[in-house]
Amino acid sequence: MRNLHTRTALFRYTHQKIPINNRSFQSSCESYANCIEKYGRDRALHSGRILHGYLIITGLVSSTYLSSKLISFYTQCGQISDARKVFERIPKTNLRRWIVLIGAYSRHGFYQETLDLFMEMQREGRKPNQYILPSILKACANLSVVQMGEKIHCVVLRSSSFDSDAFINCSLIYMYSKCGRLKNARNVFDRMLDKDLVAWNSMVSGYAQHGFARDAFNLVEKMKILGIKPNLVTWNALIAGFSQVGDSEMALELFKNMRVDGFEPDTVSWTSVISGFVQNFRNTEAFDTFKQMVGSGVRPSSFTISSLLPACATRADSKRGKEIHGYALVIGVEEDVFVSSSLVDMYAKCGFIFEAGKLFNKMHRKNTVTWNSMIFGYANHGYSNKAIELFNQMLEKDDVKPDHLTFTAALTACSHAGMVEVGQNMFHLMQEEHGIEPRLEHYACMVDLIGRAGELVEAYNFIKAMPIRPDFFVWGALLGACRNHGNIELAEIAAKQLFELEPENAGSCLLLSNLYADAGSWVDAERLKRMMKRKRLRRNLGCSWIQIA
DNA sequence: TTAGGGTTAG
């Protein structure tokens with residue numbers, strides 16, 4: 001249906017006569033701009049390319065206005081190099097070309113490219129202006145490069161026009177908030193002489209997004225006293241803040257209050273509540289809220305779907321997961337990268353690893369989370385070779401970077417398959433080529449990997465050489481390996497550490513006791529059992545569940 | 001040009 005509509009629209013636009021006078025040129029530009037925008041929203045890359053070709057043939061592409069729309073269109077479709085080509089065709093004397101490209105990259109989430117381009121712009125001798133700085137600050141915020149944000153803040157403070165610019169100040173509040181520097185954000189906010197609604201909302205959101213829902217609420221009260229009326233954004237920021245900290249009751253109370261204030265809960269309000277339920281493992285309430293949302297006539301978005309899918313994944317509820325997948329297809333959000341990544345994860349966790357793989361291969365745009373979910377999926381299903389193969393493919397991609405979870409997933413696969421050397425190389429690669437500092441989970445994977453291969457002394461030496469204090473999982477990996485290879489001496493060392501780290505945990509006692517029993521040391525095994533009884537240590541019973549259709 | 005909701009582990 002959508003394709004048919006697109007084709008019809010394309011036919012209409014590509015069969016118009018080439019405009020000859022200025023007025024029709026302008027109105028034509030407007031029509032083409034609308035069409036490009038629509039293709040961007042629909043991610044209709046092929047149709048957009050055809051229209052782009054037509055604009056080149058007719059010469060209309062010389063319009064900076066249309067070029068900027070094309071840049072946005074290509075970034076929306078994830079085609080960064082095409083966006084860049086359009087940019088290169090805009091005359092170099094034109095400052096707007098930088099504003100357009102940097103703005104588009106930042107708006108569509110290509111933050112690293114935004115900063116790279118900003119550097120290039122400065123190398124060309126261009127100075128940033130008030131239109132560019134908000135885009136740069138947004139990129140700094142989302143990449144958590146607070147040092148660069150601070151440098152920009154210094155530039156702002158030295159210029160009276162920047163310092164009084166509301167857009168720049170709001171972006172500074174946003175940047176500091178996103179980077180968790182709420183005090184700095186508050187300083188910028190307090191220094192603003194004319195605080196508009198956006199400034200208030202930026203600060204309210206800063207508090208709300210960092211677990212300070214009550215502070216956000218108090219700030220809104222203050223705002224009301226000063227005569228500034230909250231808008232939908234304010235209400236939604238508060239709802240999200242309370243949902244996130246697990247106070248869904250307050251979030252629902254805010255639903256009522258916003259109605260009294262003349263606002264109806266929209267997609268964002270509902271999604272915030274659903275997301276809060278899912279994050280706090282209140283899955284049934286999440287599904288019920290979703291039903292209420294649909295029943296009340298508010299259209300779920302890609303955000304809603306990607307918030308809800310993890311609830312199916314954690315409960316291995318493939319039936320509901322498939323229903324939501326169907327719903328995502330109906331509302332046309334299946335290709336959204338967050339939705340498709342959540343789908344890959346859901347299918348993998350529900351045991352449908354081939355479905356997950358098929359979906360993954362079909363995806364046009366993949367981000368780090370997509371790759372990680374698939375690598376974890378293969379690793380957890382015992383397809384170690386596939387996981388490592390995928391990991392290697394990921395490293396060859398220019399548009400995606402591995403993170404600490406990518407290496408956790410890949411090391412898990414190596415460990416399951418007993419690929420000691422591959423895992424060790426990976427561990428070095430992570431630090432030396434990708435600059436990722438190993439975390440406890442990476443060390444635990446390595447101990448597991450070396451230990452499974454029976455190299456227990458090497459595994460123990462590896463722990464001793466760790467630059468950070470080993471945790472329960474690291475020592476647990478050694479104890480597990482000792483159990484499998486019957487090394488009592490090292491098992492006792494590992495168990496002692498585990499008792500200190502988690503005195504209430506019976507698992508390590510039992511493991512050691514079994515090890516003694518295996519070795520025929522019945523006296524030691526009995527001694528441990530008696531100690532467990534004396535300390536009333538009980539093993540947590542394992543449980544599993546299946547979904548009944 | 002600025003403000004609200006999203007996916008991966010343990």
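Letters go in sequence order (proteins before strands), and every chain restarts at 1. We use all heavy atoms of the structure for the numbers below, so side chains are in, but hydrogens, waters and symmetry mates are not.
Rounded to an integer number of Å, the gap from CD1 of A:I375 to P of B:dT8 is 16 Å. The nearest whole Å value for the distance from the NZ atom in A:K349 to the C1' atom in B:dG10 is 11 Å. Atom-to-atom, OH of A:Y378 to C1' of B:dT8 comes out at 16 Å; the value is rounded to the nearest Å. Atom OH in A:Y174 sits roughly 6 Å away from atom P in B:dA3 (whole-Å rounding).
The aromatic rings of A:Y378 and A:Y383 sit perpendicular to each other, their planes meeting at more than 60°, with 30° as the lower class boundary. Note: A:F462 and A:Y443 have tilted aromatic rings, judged against thresholds of 30 and 60 degrees for the angle between ring planes. Taking the six-membered ring where the residue is Trp, A:F242 and A:F217 present perpendicular rings, their angle passing 60° and hence far from 30°.
Distances from the side chain of A:Q279 to the nucleotides B:dA9, B:dT7, B:dT2 place B:dT7 closest. In the set B:dT1, B:dG5, B:dA9, the nucleotide with an atom closest to the side chain of A:Y131 is B:dT1. Set against B:dG5, B:dT2, B:dA9, the side chain of A:S275 has B:dG5 as its closest nucleotide. With distances taken from any side-chain atom of A:F303 to the nucleotides B:dG5, B:dG10, B:dT7, the minimum falls on B:dG5. Distances from the side chain of A:T304 to the nucleotides B:dG5, B:dG6, B:dT8 place B:dG5 closest.
Side-chain N/O atoms of A:S341 include none lying less than 4.0 angstrom from OP1 or OP2 on B:dT8. Listed pair A:Q209 / B:dG5 meets the phosphate criterion, a side-chain N or O lying under 4.0 Å from OP1 or OP2.
Donor-acceptor pairing under 3.5 Å is lacking for the side chains of A:S342 and A:D345.
Interface residues of residues 177-205 of chain A facing DNA chain B, ordered by number: A:V198, A:N201, A:S202, A:S205; criterion, heavy-atom separation under 4.0 Å.
Ion pairing of A:R365 with A:D399 is absent here, as no side-chain N (NZ or NE/NH1/NH2) approaches a carboxylate O to less than 4.0 Å.
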